[in-house]
Protein chains: 2
Amino acid sequence: MPTPERTTLPEIVAAGRALLESGGLGRITMQAVAERVGVRAPSLYKRVRDRDALVLLVAEATADDLAGRLAASDRSLASLARAYRAFAHEFPEGFRLLFAVDGAADAMGRAAAPVLEAARTLVGEERALDAARLVTAWATGFLNMELAGAFRLGGDVDEAFEYGLERLEAGLRG
Amino acid sequence: MPTPERTTLPEIVAAGRALLESGGLGRITMQAVAERVGVRAPSLYKRVRDRDALVLLVAEATADDLAGRLAASDRSLASLARAYRAFAHEFPEGFRLLFAVDGAADAMGRAAAPVLEAARTLVGEERALDAARLVTAWATGFLNMELAGAFRLGGDVDEAFEYGLERLEAGLRG
DNA sequence: ACCTGAACACCGTTCAAGT
DNA sequence: ACCTGAACACCGTTCAAGT
C-alpha cells in the first residue's frame, strides 16, 4: 500500500536555505530540515543522498537565484556589480556558501555569463575573459570582506564600492 | 602533587593548522588535535575554551604568518599581491579560514597594513583607504575563486592574475 | 512506495576521581 | 595542577518493520 509523499525536494532545499540564513551552515541539520518540512530525519534520505548533497543543492539553488537577478539587470558592468552586492546583502550566508562548498563552481560559472558579455563589449574579445575575472574577483572579494566585517578602518563602504567600480572601469578602458 | 604539562597552547594550535590543511575545517576535531599532541580530548579544555576558540586561534596564527610574509616582501603593490597569492597556494585551507571564521578580521587588518602604505604612495593620502580596499578585495576574491576551482573557462590563470594587477595599477594611477 | 523508531558511530563538553 | 575515563547531549546515517 503506497504512502502519499509528505514533502518534496524543492521544499527540502527551501528549508535548507531558510535555516542557512537563520544562522549559518551549522543550522542545516538533517533533523532541523526534517522538522521544517514535517517529516522525520531518516525520510530525507529518500530524496537526498546525504547532508553534503543537500548543502550542495542549497548552494546551487542560491547560484541560480543569483543568476536570475544578474540576468534581470541592465547588464552593464556597474549594474551587474550592484545587483551582485544587493544579492549578497540579502542572502549573506548563501553568498558565503557559494565559495565555501565544493561543486558550486559550475552553477556560479553559469551565473557569471552576463559579466563575461559586459566585459567583452568593454575590452573586446581578446581580453574579455581576463577582464571578467578582474571584475568578478574584485566584487567577490569586496563582498567577502564586507560580510566578514573586514572593513573596520572607517570610511564609507558604499563609497569604497563605487570608487572601486569606477577605477576598475578606468583601468579596463586603459 | 602537580602533574607536569604534557602539551602547550602553541603545540595545540600547530596541530590544528596541520589538521586543517590535511582536509579542511572538519578535520579539526578535539579528539584528532588531542591525539596529535599526545593527550586526551578533555585535557585540551585546560588551554582552550572550546572548539570555536581553537579554530579562531588557528585563524589568527595563520593571519600572523601571512603578516610576516607580506612584511618581508619589498612592499610594492605587485610584490604584496604575489606574496599573498603564494601564501594562499601554500595554505589553501588556512586562507579560506581567514574569511570563514568570525573574529579573524582584526588579525587580517593588521596583516594588511603594508597594503595601505603601498596604496598611499600610489594614490595619495586622500584615497589610500579606498585604493587599498580595491586591491585587497580583488586579490582576495581572485584567490577565493581560484581555490574554489571557479576558473574553468580556460585561459592562463597566472596571466589573468598579472593582467588584473596591471589594469588595477593603471586604474589607480588614473 | 514512503515513513518511522531504534540503533550505531562519532563528536563536543563536563566532571568527579586520580596522580 | 594537570590528566583521564565515564557520561551526556547531539548529529548523521542505516535498516528492519510498519502502512
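Every chain is numbered from 1, with letters handed out A, B, ... down the list of sequences. Values below: every heavy atom of this structure, side chains too, minus hydrogens, waters and symmetry copies.
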Measuring to OP1 and OP2 of C:dG12, would you say a side-chain N or O of B:R51 lies under 4.0 angstrom away? yes
Could you check whether A:I28 gets within reach of a base, just the sugar-phosphate, or nothing at all, counting any heavy atom under 4.0 Å? sugar-phosphate
Closest to the 5' end of DNA chain C, once B:R49 and A:L44 are matched to their nearest nucleotides, is A:L44
For A:L25 and D:dC11, what is the distance between atoms CG and C1' respectively, to the nearest whole Å? 14 Å
Whole angstroms only, please: what is the CD-C1' distance between B:Q31 and C:dC10? 7 Å
First locate atom CD of A:E93, then atom CG of A:L20, and finally report the distance between them rounded to the nearest 0.5 Å. 5.5 Å
What's the CG-P distance between B:D52 and C:dC11, to the nearest Å? 17 Å
Partner nucleotide, any strand, of D:dA16 [Watson-Crick/G-U, under 3.5 Å]: C:dT4
Under 4.0 Å, counting only non-hydrogen atoms across every strand here, what does B:T29 touch: a base, just sugar-phosphate, or nothing? sugar-phosphate
Less than 4.0 Å between a side-chain N and a carboxylate O, is that true for B:D106 and B:R110? no
Rounded to whole Å, how long is the line connecting atom CE of A:M30 with atom P of C:dC3? 13 Å
Between P of C:dT4 and OH of A:Y45, the distance in whole Å: 14 Å
When you group the ILVMFWY residues by side-chain heavy-atom contacts below 4.5 Å and let the links chain together, are B:V101 and B:L98 in the same group? no
Does a nitrogen or oxygen in the side chain of A:S43 sit under 4.0 Å from OP1 or OP2 of C:dT4? yes
B:L19 CG - C:dC11 C1' separation (whole Å): 14 Å
For D:dC10, the Watson-Crick or wobble counterpart (both distances under 3.5 Å): none
Mind calculating the distance between CD (A:E35) and P (C:dC3) to the nearest angstrom? 16 Å
Test item: side-chain donor near acceptor, A:Y84 and A:T140, under 3.5 Å: yes
Is the phosphate of C:dT4, meaning OP1 or OP2, less than 4.0 Å from a side-chain N or O of A:R6? yes
Mark yes or no: B:R85 above the aromatic ring of B:F161, with NZ or CZ under 6.0 Å from the six-membered ring centre and no more than 45 degrees from the axis. yes
Using heavy atoms to find the nearest nucleotide of DNA chain D for B:E5 and B:P42 separately, return the residue whose nucleotide is more 5′. B:E5
Could you give the CZ-to-P distance, from B:R47 to D:dC2, as a whole number of Å? 6 Å
